[in-house]
Amino acid sequence: MPDATPLTATTLRIGAHVRHDDPVAAARERGATLSQFFVGDPQGWKKPVLTYAGGAAALRADAEAAGVDLYVHAPYVVNVATLNNRIRIPSRKILQQQMDVAAEVGAKGLIVHGGHVGSDAELEKGFDNWRKAVEQTDLKVPLLIENTAGGNHAMARRLERLERLWEAISGAEGFGSVGFCLDTCHAHAGGADLAAVVGQVRAITGRIDLVHLNDSRDAADSGADRHTSLGQGQIDPDLLAAVVRDAGAPVVCETPGGAEEHRADFDWIRSRL
């Protein structure tokens, strides 16, 4: 969990979501100190396959030598909350497979979306399904639950749902390895007050382990998950900078473009710290 040391432009650990074939080279190209990537198809159920030359051990060694922290993002299809067995059961399976790969490469965390259920009547069961998922997954690296942008029956869009989720999983075996990833675009689209969200989330979870720093193409509380480059969307730039300062956590930009655009995003936030 990040410490309370104030962030500066030089101490901020920052990177981007990049291709999985060489996240170390991608970090170097961007002047970054971390990389986030998928292992396999983000929209599919196939077992993850790491394509890095030399395999997991080589990636771990090369990242450590380069001073690059690695984060793995679980596929979007994962939904451990749902009551639909055809989705929940394979979600738990692939979550463990992703966790295993994340551990093999020495990742600092595995990020997974909070998921959703089909109706308000299913919410309590959904929270309990999350508890079971925490208990049934061998959490070899921190599992970072991410807030989501939309969905009336989402587990982690509204703060009151996040609070209920945390209450449900707080007694689970393995809970000590569960953390939180705060996405600024999702929070904006989900109706959160970015001026207060860091304190509100910490009051619920006790921690923020990672920030997904993304501007939003859409209005507040739109429920739309459409990222854009920093300073080019509808989120107040001062609020984006305040989230980073207040959270004191590493930052991943999931913004459009390649190395040049990501370097511009890094410079944008560093100039505001």
Side-chain angles (χ1 to χ4, degrees), residues 42-43 45 73-96 98 110-137 139 143-175 178-210 212 214 216-227 234-235 243:
Q43 300 288 358
W45 295 102
H73 198 303
Y76 297 131
V77 294
V78 171
N79 182 4
V80 301
T82 182
L83 277 63
N84 184 336
N85 290 342
R86 290 177 294 177
I87 297 175
R88 186 183 69 259
I89 292 172
S91 290
R92 289 182 183 173
K93 179 179 180 180
I94 200 170
L95 186 65
Q96 184 64 67
Q98 293 276 327
L110 172 66
I111 299 99
V112 62
H113 289 179
H116 59 276
V117 293
S119 68
D120 284 348
E122 296 179 350
L123 283 170
E124 288 305 319
K125 182 61 177 174
F127 296 132
D128 193 54
N129 281 342
W130 249 112
R131 177 190 62 79
K132 293 176 181 177
V134 170
E135 291 184 338
Q136 294 176 12
T137 305
L139 302 181
L143 180 66
L144 308 183
I145 301 175
E146 180 182 350
N147 60 309
T148 48
N152 292 329
H153 313 298
M155 299 287 101
R157 175 185 180 183
R158 306 292 189 186
L159 288 169
E160 63 91 9
R161 296 272 177 83
L162 180 62
E163 184 171 15
R164 291 166 69 185
L165 171 58
W166 234 252
E167 288 174 352
I169 66 176
S170 61
E173 183 178 354
F175 172 69
V178 177
F180 189 76
C181 173
L182 175 62
D183 187 302
T184 55
C185 174
H186 296 178
H188 168 84
D193 176 6
L194 286 186
V197 71
V198 169
Q200 291 170 333
V201 167
R202 276 222 184 94
I204 294 169
T205 67
R207 58 196 293 169
I208 295 175
D209 299 79
L210 187 68
H212 281 173
N214 305 304
S216 173
R217 292 169 57 185
D218 297 278
D221 207 16
S222 63
D225 182 10
R226 298 200 299 172
H227 301 182
Q234 298 202 37
I235 303 179
V243 167

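Every value quoted in this text rests on a predicted model; they were computed, and no experiment measured them.
- Partners of Asp128 by salt bridge (charged side-chain N to carboxylate O under 4.0 Å, His left out), not counting sequence neighbours, listed by chain and number: Arg131, Lys132.
- Rounding to the nearest 0.5 Å gives a distance of 5.0 Å between NE2 of His188 and CD1 of Ile235.
- The CZ atom of Arg226 lies 8.0 Å from the OG atom of Ser216; values are rounded to the nearest 0.5 Å.
- Ile89 meets the side-chain contact (heavy atoms from CB on, under 4.5 Å) test with Asn85; sequence neighbours excluded.
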**OP:** Verify side-chain contact (heavy atoms from CB on, under 4.5 Å) between Thr137 and Arg92, making sure each step is shown before the conclusion.
**Re:** CA-CA 7 Å; Thr137 305; Arg92 289 182 183 173; 5.7 Å; no

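- For Lys93, there are no salt bridge (charged side-chain N to carboxylate O under 4.0 Å, His left out) partners at least two apart in sequence or on another chain.
- Atom CG of Leu110 is separated from atom CG of Leu95 by 6.0 Å, given to the nearest 0.5 angstrom.
- Qualifying salt bridge (charged side-chain N to carboxylate O under 4.0 Å, His left out) partners for Asp225, counting only residues two or more places apart in sequence or in other chains: none.
- Contact record, Trp45 with Ser91: CH2-OG, 3.4 Å, taken as the closest heavy-atom pair.
- Ala81 meets the side-chain contact (heavy atoms from CB on, under 4.5 Å) test with Asn79, Val117, Trp130, Met155; sequence neighbours excluded.
- Every residue two or more places apart in sequence or in another chain was checked for a side-chain contact (heavy atoms from CB on, under 4.5 Å) with Ala203, and none qualifies.
- Of all the heavy atoms in Ala187 and Leu182, the pair that sits closest is CB-CD1, 4.4 Å.
- Residues satisfying the side-chain hydrogen bond (donor to acceptor under 3.5 Å, both in side chains) criterion with Gln200, sequence neighbours excluded, are absent altogether.
- Considering CD1 of Ile204 and CG of Leu159, their distance stands at 5.0 Å, rounded to 0.5 Å.
- Annotation: side-chain contact (heavy atoms from CB on, under 4.5 Å) contacts of Ala224 (sequence neighbours excluded): Asp218, Ser222.
- For residues 144-160, the pairs satisfying side-chain hydrogen bond (donor to acceptor under 3.5 Å, both in side chains) are His73-Glu146, His113-Glu146, Asp120-His153, Glu146-His186, Glu146-His212, Arg157-Asp221, Arg158-Asp221, with sequence neighbours left out.
- Asn129 is not listed as a side-chain neighbour of Thr82, based on a closest heavy-atom distance of 4.5 Å or more.
- Looking at residues two or more places apart in sequence or on another chain, you find no salt bridge (charged side-chain N to carboxylate O under 4.0 Å, His left out) involving Glu163.
- Between the CG atom in Leu83 and the NZ atom in Lys125 there is a gap of 6.5 Å [rounded to 0.5 Å].
- With sequence neighbours excluded, no residue forms a side-chain hydrogen bond (donor to acceptor under 3.5 Å, both in side chains) with Gln234.
- Heavy-atom minimum distance, Ile145 versus Gly114: CG2-CA, 4.1 Å.
- Between Gln136 and Gln96 the shortest side-chain heavy-atom distance does not fall below 4.5 Å.
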Distance-only criterion, 3.5 Å: show the donor-acceptor pairs between side-chain atoms of residues 165-175 and protein atoms not counting sequence neighbours.
| from | atom 1 | to | atom 2 | distance (Å) |
| --- | --- | --- | --- | --- |
| Ser170 | OG | Trp166 | O | 3.4 |
| Ser170 | OG | Glu167 | O | 3.0 |

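- Closest approach of Val197 to Ala192, counting heavy atoms only: CG2-CB, 4.0 Å.
- A 4.5 Å side-chain heavy-atom check between Phe127 and Arg161 finds at least one atom pair inside the cut-off.
- Note that CD1 of Ile111 is 9.5 Å distant from CG of Leu143, once rounded to the nearest 0.5 Å.
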